[in-house]
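Keep in mind it's a predicted model, so treat the numbers as computed, not measured.
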Amino acid sequence: MAPAASVKAQSSYGQSQLDAGQTCWRETHDLRRAMIHFDAAMQWALEHGASELWDRAFCNRCALEIEAGEAGESLSELREIVLRSRDPETGFLAAYHMATAYDLTGDSKRARFYANIARDRVERLHRTDYRIGSLNQMGNLLLAASQFEEACSEYEQAYRLLSQEPSVELAMVLDNIGYCRLMQGRHQEAMLLLHRSLRMLLKLKLERPQAFTRLALCYAHLDLGRFRSALLHGMRALEIATTYDDPDSAKYALFLLGEVHNQLGNEELAYEHFCRLQQRFYPGAPNVPNVLMALDVRSLINLKA
Amino acid sequence: MSRKIRQVQLVGGKIRQLRKEHRLTQSELAGRIGVQQSDLSRMEQGEYRVSLDTLFRILAEFDLGVGEFFDDVARTTFTPQDVQLVRHFRSLPAEDQREVQEFIGFKRAKMLDSKKPSSDQ
């Protein structure tokens, strides 16, 4: 490949294809069309020796592959870009996408490694959106690792950077901070944050993300012995999870609803929910309903692990 | 008085106890269930929470049934008569246990039927 060229300096066909791909993905989420633009940008960059443009287009292409769950073969090249890129934005994007890819495969150690690199690189950029993305990414990884105080600190930094106008991003950060507080046993604080998140989602008429917030609210009310409220949030979470085919939320909704019914003394209904959980998600483990009827496992469970 | 069997809380310390009873090191169990040894150590100390999937992988490693927790349950909620009844039940051959379960199922169905309001009313 020819010597590196600055991405910003290239007012070119390649650059226009890169921009078109980003716009297409942002506005239409049309993966196939966005890929065509990124491929065209990479082809142009290859022919004109524009290595930085090639790297940037490749990073964007990888983000789509990761989204589609097909990034396996591209990760070694993405890793090379993390090492070689002198453009801080490209370096950030490569590290950020590497972290995402490893997180999705359950390799939390490598995900944390690359998320740390991304966070380091983002400090050199004056891009609030990237900074928020990086803080969120690290928060999510820490949350999955039950490091609730540390995760909360990341989310709180993201919260301070976000516009305070209602948005799904702001609602999700509030949800995550609320969930961290819940896991730390700070229920009143958690309730305020989770209800604020839910009100925002209701105002924005966004239904799908409500499943996460309602599951956390169900858990919180269950912990506080407010079983009727727990039941209402759990049932709504299950409805939303079913409507939007969200298996993870459905799984935890069935688990929590079983727990609520168990606490209410509705043994038949508790057993029914645990049976539905077992039949749909653990068909090879017929003992799951009996185990859950006899054991309260809540203190070992992280809904966002 | 409520006859409901109250749930026993499963905590990290119990996981540690079960692991030791099954003669597994933290590294061995962590490797089998796909978590890091340091995370399993934190879990046993009550500082690390897992997904439902991981929890059921752990319980499957111990081939866990409710019976393993029977002594804990008995200490907290059962009367001596309950304990004796379950002990006797468990001493029966499998076929006899099935018959007893069927009989209990029949009795429970009869009891639930008697509680239903009449459709004529």
[X] versus chain B, the contacting section by heavy-atom distance below 4.5 Å:
{"X": "Lys109(A)", "result": "both"}
{"X": "Gln184(A)", "result": "neither"}
{"X": "Leu292(A)", "result": "both"}
{"X": "Glu268(A)", "result": "side chain"}
{"X": "Phe148(A)", "result": "side chain"}

What are the two closest heavy atoms between [X] and [Y], and how far apart are they?
{"X": "Asn302(A)", "Y": "Arg49(B)", "value": "CB-CB, 3.5 Å"}
{"X": "Val11(B)", "Y": "Ser299(A)", "value": "CG1-OG, 4.0 Å"}
{"X": "Ser146(A)", "Y": "Arg42(B)", "value": "O-NH2, 3.3 Å"}
{"X": "Ala305(A)", "Y": "Val50(B)", "value": "CB-C, 3.9 Å"}

Checking heavy atoms, do the side chain of [X], its backbone, both or neither come under 4.5 Å from chain A?
{"X": "Glu47(B)", "answer": "backbone"}
{"X": "Arg108(B)", "answer": "side chain"}
{"X": "Phe56(B)", "answer": "side chain"}
{"X": "Leu52(B)", "answer": "both"}

Which residues in residues 242-254 of chain A have any heavy atom lying under 4.5 Å from a heavy atom of chain B?
Lys251(A), Tyr252(A)
Side chains of Leu300(A) and Leu10(B): closer than 4.5 Å at any heavy-atom pair?
yes
Out of curiosity, Gln147(A) CD to Asp39(B) CG, how far, rounded to the nearest 0.5 Å?
8.0 Å
Without hydrogens or angle criteria, can the side chains of Tyr282(A) and Asp53(B) be said to hold a donor-acceptor pair below 3.5 Å?
yes
Atom CD of Glu73(A): over 12 foreign heavy atoms under 6.0 Å:
no
Whether over 12 other heavy atoms sit under 6.0 Å from Arg110(A) CZ
no
